[in-house]
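These notes are about the structure you will find just below.
Reckoned from all heavy atoms, side chains included, excluding hydrogens, waters and symmetry mates. Order of the sequence lines fixes the chain letters, A, B, ..., with proteins taken first and strands second; residue numbering starts at 1 for each chain.
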Amino acid sequence: MSERDEHEELYGLAGLGRSLERTLAEICPVASQLPPAELTLPPKPEFGDVSTPVALAVARLASRNPREIATELGERWCAGPGAAVCARFEVAGPGFLNLFLSDEWYRGATRQMLALGGDHGRDVLALAQRQKINVEFVSVNPTGPLHVGHARYASMGDALCRLFSFAGHDVTREFYLNDFGSQMLKFGQSLAARYAQRLGIEMPVPADGYLGDYVLEVADRLIDEVGDRYLMAVTAAAPDATRLPDEVVDEIKMWGRDAILARFRVTLERLRVPFDVWTSEASLYAGGTAYRGFAGEVGKALRELDTEGELFDSDGAVWLRTTDYGDDKDRVLIRQTGAPTYFLSDIAYHRDKMDRGFEHLINIWGADHHGYVPRMKAMFSALPPHDPERLELIIGQLVNLLESGAARRMSKRSGDIVTVDDLSDAIGVDAVRFFMVGRSHDSTLDLDLDLAVEQSSKNPVYYVQYAHARICSVLRNLADGQGDPGDPGDPLSAPGAVSFGDVEVGPFERNLARALARFPLVVLDAVERRGPQRLHGYLGELAAEFHVFYRNCRVLTDDPEVAAFRAGLCVATRTTLAKGLELLGVSAPESM
RNA sequence: GCGCCCGUAGCUCAGCCGGAUAGAGCGUCGGACUUCUAAUCCGAGGGUCGCAGGUUCGAAUCCUGCCGGGCGCGCCA
């Protein structure tokens, strides 16, 4: 690393931390055995601008007093690599090293962030960590509209994908359409019954069928499309929809699937969730040569499991011995009736995903499916490359709806549900996206519908968006007043070239600049922990720092260096807020 | 009964791969607009981090047990 690069590195918090660790390794070679420690932002200004507990961590390994190590590290680093950016240091408490950064560090950090623009925080993953990842989420039977739970998984899944991609992973968003099996049969029969009713034939929706109004709408469109093509079939079967011939139900079912699927696409597009791949479960049973009576990907999967010796026959069914891999019971793949289970489809599906060259698979599921996890892990142990680590299952807890303070129960079959579109109508897509990633995926989420409809300033998304709009306004005023886009001192026209002279950096500017400098660390943290709520929380904090800064520091001032520096902070904040909101799928309005 | 998740301020929750005096929003109370957007800011009040043990220099964080709540435990998906 050249001296100049090394100097530039110090203007980012990650680089600052690395530099400290290199110096620490010179003092205590065992330090290199430890995972990289993070710089922390101290709770009080007396504790410095940034702080590190790294001496505490290494003290035990080195069998040395942590305060001694911290002192030696501080002396050595501040006199050497950190000389230009660190004003002084203190050792506090049990062995914290607190660094007091110079104004030059703040100017340099701001200059660097401006030069990076929208790339501030991008590609934070080391090259070796970057992977080709498939993220499967929302996946559902196409038997009815998406509900609020799906809004959560869609928002979280998409935010994770955006974060992954920004951090350096190669990401594919995939939707698995469960258009096969008994639920689809019920749906087909329900739709056929509604169709029959529209033609004046007595045929109730079968028991356990789908009663929602949307089935009526789909039936209307079916009639528009095919007229009375199935009149004879439904007349013959009436009044029992379950007596309809298979080929008729199949046709109606697939027609219904396409209608529901079209709605999914519209809903998800509105929610700004762009799926790259849609895979149909039914399609896994088509094509190729049959094995054990199954064609397509399913046949391939069965053949491979047989090759691996993982299948056995019992009670007239075909089983996978998942108990060999930690599941608490073996699982049926082909029923006594000869019909495949959902698990068999899933094996074929995941085998195919691996075949498509993904290094890592992530599935996001609702908590009501968590009992399925052990058999999925077992599947990955049974199939080449026999590595359950390749599959990561993120279990999202459920969403409770509160109405007038009481829980609202929903039933999918009866059609009494709050849909994603209902929610988007009520509070807007920005609020849905922001709210749904506001807490950890393993906490249940209570959504207060009364509050959601209120659309007031209680909604935290406005707080962050307002900070962005406010900055845009300030910068518009700045451009109007100074109006010289060719001025190299204008951070708007040449953000990377501004030096800010030796302008003094006040406490509000320091806080804002430090918050901005944290962004790459937040992105990395959110990616590694699969926690978009960390970015959500950070954006609130960054917006708060900006609002305080704005309150205390006039940007439009007579001193050109002060104005340039403050405008530079504004530009960097605007860019960072916009990027952070974009990563959550939320818009960044220029005025409000 | 077994498994997974949760239990932190009046409410909703962050923080949890051990670090300094546990944070935010909402609600409550009191302040701040002749100056770049008051959807903002400042201040006050509010806590046995469910309980009990254990590990540690140090525990909201790790381990064990218990209590309370959610979700699962099909040859459904």
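Proximity of A:Gln533 to the phosphate of B:G15: a side-chain N or O atom is located under 4.0 Å from OP1 or OP2. Dashed line: the shortest gap from a side-chain N or O of A:Asn477 to OP1 or OP2 of B:U37 is under 4.0 Å. In this model, the phosphate group of B:A39 is not approached by any side-chain N or O of A:Tyr462 to a distance below 4.0 Å at OP1 or OP2. Between A:Arg64 and B:C57 there is no side-chain polar atom (N or O) within less than 4.0 angstrom of OP1 or OP2. Regarding contacts with the backbone of B:A14, a side-chain N or O of A:Ser443 is found under 4.0 angstrom from either OP1 or OP2. For B:C17, the OP1/OP2 oxygens have a side-chain nitrogen or oxygen of A:Arg529 closer than 4.0 Å. Contact check, A:Arg534 against B:G15: a side-chain N or O comes under 4.0 Å of OP1 or OP2.
At a threshold of 4.0 angstrom between heavy atoms, the contacts of A:Cys553 include nucleobase atoms, whether or not backbone atoms are also involved. Here A:Tyr463 lies in heavy-atom contact (under 4.0 Å) with sugar-phosphate atoms only. Across all strands, A:Arg439 comes closer than 4.0 Å only to sugar-phosphate atoms, never to a base (heavy-atom distances). The residue A:Asp315 sits close to a base: some heavy atom pair falls under 4.0 Å. No engagement by A:Asp179 is indicated, since no non-hydrogen atom pair under 4.0 Å with the nucleic acid exists. Using a 4.0 Å heavy-atom criterion, one finds that A:His536 contacts no nucleic acid atom at all.
The A:Val548 side chain lies nearest to B:C41 when the options are B:G72, B:C75, B:C41. Listed nucleotides B:C76, B:C13, B:G72 differ in distance to A:Asp446; the shortest reach to its side chain belongs to B:C13. Of the listed nucleotides (B:A77, B:A14, B:U37), B:A14 has the atom at the smallest distance from the side chain of A:Ser440.
With hydrogens and angles ignored, no donor-acceptor pair closer than 3.5 Å exists between the side chain of A:Ser345 and the base of B:A77.
Remark: the A:Asn141 side chain and the A:Asn178 side chain contain no N/O donor-acceptor pair separated by less than 3.5 Å. For the residue pair A:Thr557 and A:Asp559, no side-chain donor N or O sits within less than 3.5 Å of a side-chain acceptor on the partner.
Here A:Asp313 pairs with A:Arg292 in a salt bridge; the nearest charged N to carboxylate O distance falls below 4.0 Å.
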